[in-house]
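Heads up: the structure comes next, in structure tokens.
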Amino acid sequence: MKFSKSFIPTLKEVPADAVIPSHILMLRAGMTRMLSAGIYSFLPLGYKMIKKITKIIREEMDAIGGQEFHLPALNPKEIWEQTGRVEAFGDTMFHVKNRDLVLAPTHEEIMTYHVKGEIKSYKELPQIWYQIQTKFRNEARPRSGVIRGRQFLMKDAYSFDTSFENLDKSYQAHYEAYRKIFDRCGIKYFVVGASSGAMGGSKSEEFMVKSDAGEDTVAYCEKCGYAANIEVATSLVEPVKRYEESKEIYEIHTPNVKSIDELCEFLNIDERETAKSRVYIFNDKPFMILMNGNDEVNETKLENYLGGAVRPAHPDELKEITGADAGSIGPIGFSGRIIADNRLKDGNNLYSGANKNDYHIGGIDLKRDVKNIEYADLRTVQKGETCTRCGAELDVFKAIELGHIFKLGTKYSEALGATFLDENGKEKPIVMGSYGIGVERVLACYIEQNYDEKGIIWDERLKPFDIHLLGLNMKKEIVAETAEKIYSELKEKGYDVLFDDRISVQAGVKFNDADLIGVPVHVVVGERGLKEGKIEIKLRRTGERFSVELDNLYEKLKEVVK
RNA sequence: CGGGGUGUGGCGCAGCCCGGUAGCGCGCUUCGUUCGGGACGAAGAGGUCGUAGGUUCAAAUCCUAUCACCCCGACCA
């Protein structure tokens with residue numbers, strides 16, 4: 001393709017609204033433009049990359065027996081009401097104003113709807129159905145360019161099986177396909193155990209890329225490879241001590257002591273000797289959570305334990321429920337359900353709030369003083385804690401979710417009545433899995449991992465062109481003629497070539513645009529080299545460059561272009 | 001949704017505090033010179049100063065409302 005005829009509007013300056021490297025570079029390289037917050041247009045170069053990525057995805061999905069669909073983005077609201085997800089999505093779902101339609105944020109319902117209508121026998125299962133389609137989510141705050149948009153491309157696949165054992169097979173097939181897809185895209189990623197959240201279902205894993213621009217936090221053990229979303233991650237921490245002798249409960253006047261740190265300082269004690277109380281509401285009823293010291297409540301773990309959504313009590317509710325404000329709340333005298341983190345198990349001689357402002361209580365023995373106490377793992381793992389598998393130190397960092405695979409089970413098939421008859425003529429709900437990949441995120445994450453101060457660095461496995469050919473001074477006949485000749489010969493040999501044939505553009509501009517766009521191999525035709533009959537080849541990633549005789553050019557390119 | 005910030009030519013910005021009719025760099029057009037790492041000179045084109053009200057003889061500038069966008073947080077199948 002000739003640059004002079006192409007629409008590749010590169011930018012010299014950094015657009016003010018872009019912050020993260022991938023966003024800046026996609027704008028600067030002329031791949032995307034923003035239309036509105038979280039809504040992006042893909043320009044020819046950007047869309048070309050999207051097509052390359054979706055081609056890889058299609059090949060690997062087809063390889064595991066996937067069949068491609070194209071479902072409507074506009075869905076009847078009624079179907080979504082049957083699974084309760086209009087409410088579950090809430091404001092995240094876009095609603096059409098002048099008809100009872102919604103814009104689909106995912107497609108479990110619609111796929112299940114079609115299964116229900118057509119698949120009736122175990123003989124027709126399993127099935128893997130997928131599509132690559134635009135999804136709509138009314139994100140409260142779109143950010144990081146294409147990484148979190150209100151409209152985005154997603155490859156979503158659904159598996160339909162006769163049993164949970166067979167679901168395992170479909171799930172595993174997707175797991176392996178995903179590894180191949182991300183490997184082929186040249187992305188450095190890792191897989192973490194995750195929470196299924198409001199999707200429902202049992203097991204789920206996320207394919208993650210480490211990045212400060214990420215919105216998920218993961219715990220990772222470099223030594224043994226343990227990786228988990230912070231929502232479900234666990235670590236080994238020392239439990240509180242149980243002293244031989246339990247003191248009696250006593251009240252302490254603690255004016256203006258609110259936080260655990262203030263309490264520790266005031267009483268000159270260690271935070272491990274304290275139990276922090278938080279009040280949550282579950283099913284409209286208040287209950288108390290006890291954490292050791294400054295340990296943070298992990299609300300996802302809490303919700304998984306309780307089996308439903310919780311919310312922290314409001315400040316005014318606190319007063320009504322406990323008689324005290326946050327900072328002075330504790331288990332003694334609290335009448336509701338009390339769940340403590342495992343770390344506090346059977347602890348004694350502990351300090352906590354007195355449910356009376358400016359007072360705390362010492363000498364608490366959870367075993368003796370808190371009847372019906374429950375214990376659960378409710379902590380949020382912190383950096384530097386001990387890996388449960390190998391004992392090494394855990395790292396905790398931000399990551400971007402590229403893909404997510406779920407074992408859904410029968411949640412949707414039951415809600416929508418998608419059943420089949422088994423070998424014994426017995427009606428059973430179809431067992432489902434669901435598997436997503438954020439297509440733009442693959443693009444953005446690749447760039448996040450492969451750029452330098454000059455621009456993007458594409459990989460041989462994922463690149464917009466095979467060769468970027470630069471004709472430096474196209475006003476010189478010898479340069480123009482040679483470059484044109486090389487261009488047509490390269491095309492003949494089957495290379496996809498971007499030929500910078502612009503006449504009134506300085507050499508420096510061409511070099512900089514080439515570095516910005518980041519095709520792996522640059523071929524430079526200039527007057528200087530031609531005087532000695534030579535062409536220059538430059539490798540974008542290493543910056544390495546070498547001159548070759550015109551006669552040896554194609555030979556050399558065979559080595560260099562993979 | 002809470003906090004902070006920004007809206008001035010295609011892009012990046014100054015001007016606003018202290019009101020007087022809009023400027024700089026890049027880009028764009030034309031001509032000439034230059035020609036291997038974002039050239040130089042000359043001449044040009046291009047702006048309802050986000051929008052709507054208000055104050056004033058006069059508003060980019062002051063006041064009110066509103067919209068959009070960015071950042072931090074909350075939220076996030």
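Below, chains carry the letters A, B, ... as their sequence lines are ordered, and counting in each starts from 1. Computed from heavy atoms alone, side chains included, the values below leave out hydrogens, waters and symmetry copies.
Contacts between residues 29-38 of chain A and RNA chain B, defined by a heavy-atom separation below 4.0 Å, involve Met34(A), Ser36(A), Ala37(A), listed by number.
Aromatic ring orientation, Phe406(A) versus His404(A): parallel (interplanar angle below 30°, classes split at 30° and 60°).
A distance of about 25 Å separates the C1' atoms of U66(B) and A22(B), rounded to the whole Å. As rounded to the nearest Å, A52(B) and U8(B) have P atoms that lie 15 Å from one another. C16(B) and G54(B): their P atoms are spaced 26 Å apart (whole Å). Between G12(B) and G53(B), the two C1' atoms lie 32 Å apart (nearest whole Å). The gap from the C1' atom of A58(B) to that of U21(B) amounts to 9 Å, rounded to the nearest Å. C17(B) and C63(B) have their C1' atoms separated by 15 Å, with the value rounded to a whole Å. Separating the C1' atom of A60(B) from that of U56(B) is a span of 16 Å, rounded to the nearest Å. Nucleotides U61(B) and C18(B), compared at atom C1', are 10 Å apart to the nearest Å.
Every residue meeting the side-chain hydrogen bond (donor to acceptor under 3.5 Å, both in side chains) condition with Glu536(A), not counting sequence neighbours, appears here in chain and number order: Arg545(A).
A 3.5 Å limit on both hydrogen-bonding distances identifies no Watson-Crick or G-U partner for G36(B). In this structure, C24(B) and G12(B) make a Watson-Crick or G-U wobble pair, each of the two defining distances being under 3.5 angstrom. Base pairing annotation: G73(B) forms a Watson-Crick or G-U wobble pair with C1(B), both donor-acceptor distances under 3.5 Å. For G41(B), the paired base is C31(B) (Watson-Crick or G-U wobble, both distances below 3.5 Å). Of all nucleotides present, none satisfies the Watson-Crick or G-U wobble test against A60(B) with each distance under 3.5 Å. Remark: C17(B) base-pairs with no nucleotide; criterion is Watson-Crick or G-U wobble with both hydrogen-bond distances under 3.5 Å. With a 3.5 Å ceiling on both atom-pair distances, the Watson-Crick or G-U wobble partner of A65(B) is U51(B).
For the pair Asp452(A) (side chain) and Lys454(A) (backbone), a donor-acceptor distance under 3.5 Å is present. Remark: the backbone N or O of Val232(A) is not paired with any side-chain donor or acceptor of Asn229(A) at under 3.5 angstrom.
Applying the 6.0 Å contact sphere to CZ of Arg311(A) captures more than 12 heavy atoms from other residues, nucleotides or ligands.
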Pick out the pairs of N or O atoms, protein on one side and nucleotides 71-76 of chain B on the other, that lie under 3.5 Å.
residue: C72(B); atom: OP2; partner: Arg141(A); partner atom: NH2; Å: 2.9
residue: C72(B); atom: N4; partner: Arg141(A); partner atom: NE; Å: 3.3
residue: A74(B); atom: N6; partner: Arg143(A); partner atom: NH2; Å: 3.3
residue: C75(B); atom: N4; partner: Arg143(A); partner atom: NH2; Å: 3.4
residue: C76(B); atom: O2; partner: Arg148(A); partner atom: NH1; Å: 2.7
residue: C76(B); atom: O2; partner: Arg148(A); partner atom: NH2; Å: 2.4

When you compare the protein's N or O atoms with those of nucleotides 13-15 of chain B, which come within less than 3.5 Å of each other, and at what distance?
none

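For the residue pair Gly66(A) and Tyr130(A), the shortest heavy atom distance occurs at C-CE2, 3.7 Å. For the pair Ser434(A) and Glu108(A), the tightest heavy-atom approach, listed with the atom from each and the gap, is OG-OE2, 3.0 Å.
Screening Thr410(A), Asp161(A), Val115(A) for a side chain to side chain contact (heavy atoms under 4.5 Å, CB included) with Ile430(A), the sole residue that qualifies is Val115(A). A side chain to side chain contact (heavy atoms under 4.5 Å, CB included) with Thr300(A) is found for one member of Leu302(A), Val297(A), Asn304(A) and no other, namely Asn304(A).
Note that Lys407(A) lies in the cation-pi zone of Tyr171(A), set by a 6.0 Å cut-off to the ring centre and a 45° limit from the axis.
Residue pairs meeting the salt bridge (Lys or Arg N to Asp or Glu O under 4.0 Å) criterion with at least one partner in residues 5-19 of chain A, sequence neighbours excluded, do not occur; the list is empty.
We find that CD1 of Ile147(A) is positioned 16 Å from C1' of C70(B), with the value rounded to whole Å.
Defined by atom type and a distance below 3.5 Å, a donor-acceptor pair is missing between the side-chain atoms of Arg441(A) and Tyr446(A).
The distance between the ring centers of Tyr220(A) and Phe190(A) falls below 6.0 angstrom.
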Could you encode protein contacts along nucleotides 32-43 of chain B as a string, one character per nucleotide from 5' to 3', using B for base contact, S for sugar-phosphate-only contact and - for no contact, with a heavy-atom cut-off of under 4.0 Å? --BBBBBB----

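The residue Met154(A) sits close to a base: some heavy atom pair falls under 4.0 Å.
Salt bridge absent: Glu231(A) and Lys301(A) never bring a charged side-chain N and a carboxylate O closer than 4.0 Å.
Under the 4.5 Å side-chain criterion, counting only non-hydrogen atoms from C-beta, Ser159(A) is in contact with Leu167(A).
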